[in-house]
Engineer: 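Would you mind keeping the following structure in view while I ask a few things?
All values reported here derive from a predicted model rather than from experimental measurement.
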Amino acid sequence: MGKCRPVGLLLEGCQLLPVHTTPRPEPLSLRITREELEQAYLHQRLSIPDIADQFGLDRHRLNLLAKKWGIEIRPSSATSNPFALLPDAPALSESMAAISNVRNCVEHLRHLVRLPGQRNLCAAARSLGTLPTTLTHQLNALEKAAGVQLIERTSPLTATPAGTALINEAEHLLSLLDAVESSVT
């Protein structure tokens, strides 16, 4: 066939090719219910990206669906509970529930459990491979979230009674988290 030539309002000598369209994706509401979204987002405190990954959904469209259903979206600076999906995870104490919403709480808790017995925060920071100011900031963030002092700044560092209880809970949760991560890899 030759080139297309306009002849009046028609094209002469052109080949018509079929147009392939991609099928429309099924509506999100068919893949997740309002109850599932509320349970994961409001009660388990998972983030929209975490829920989207879990259900195989697009994050942006899931956000729109949450808004459509009247589910109040947390600010993007809010974090999700890293312990929410652990199998056999015990109910979190009030302090741990508050701490679980601190950004990078798992790293902070890993540092917290290693503080008692250290000579001071500077020595602890060296052994953890971090800066003393960073470690102080992490500890202050945990204590602010928990609403209690966790570590006595004595030499050596000692856990307060509330700190001891929280460290025991953290060690248990971290071991569960490590077990899940090692079973995935």
Engineer: Give, for atom CD of Q138 and atom CG of L142, the distance between the pair rounded to the nearest 0.5 Å.
Structural biologist: 7.5 Å

Engineer: With sequence neighbours excluded, tell me which residues meet side-chain contact (heavy atoms from CB on, under 4.5 Å) with T154.
Structural biologist: E152, T158

Engineer: Does any part of the side chain of L112, heavy atoms only, come nearer than 4.5 Å to the side chain of L166, both counted from C-beta?
Structural biologist: yes

Engineer: Taking only residues two or more places apart in sequence or in another chain, which ones pass salt bridge (Lys or Arg N to Asp or Glu O under 4.0 Å) with R126?
Structural biologist: none

Engineer: Partners of P156 by side-chain contact (heavy atoms from CB on, under 4.5 Å), sequence neighbours excluded?
Structural biologist: none

Engineer: Using side chain to side chain contact (heavy atoms under 4.5 Å, CB included), reason through L173 and L92 one step at a time and then give a plain yes or no.
Structural biologist: CA-CA 9 Å; L173 290 169; L92 300 180; 3.5 Å; yes

Engineer: Rounded to the nearest 0.5 Å, what separation is found between the CG atom of L62 and the CG atom of L37?
Structural biologist: 5.5 Å

Engineer: Using the rule given for side chain to side chain donor-acceptor pair (under 3.5 Å), can you reason through Q149 versus T160, listing the C-alpha separation, both sets of side-chain angles and the distance that settles it, and then say yes or no?
Structural biologist: CA-CA 7 Å; Q149 184 176 3; T160 63; over 6 Å; no

Engineer: Should we say atom NE2 of H137 is surrounded by more than 12 heavy atoms from elsewhere, each under 6.0 Å from it?
Structural biologist: no

Engineer: CG/L128 to CZ/R110 distance, rounded to the nearest 0.5 angstrom?
Structural biologist: 12.0 Å

Engineer: Would a hydrophobic clustering, with Ile, Leu, Val, Met, Phe, Trp and Tyr connected at side-chain separations under 4.5 Å, put I71 with F55?
Structural biologist: yes

Engineer: In plain terms, say whether E143 and R153 are close enough for a salt bridge, that is, a side-chain N and a carboxylate O under 4.0 Å apart.
Structural biologist: yes

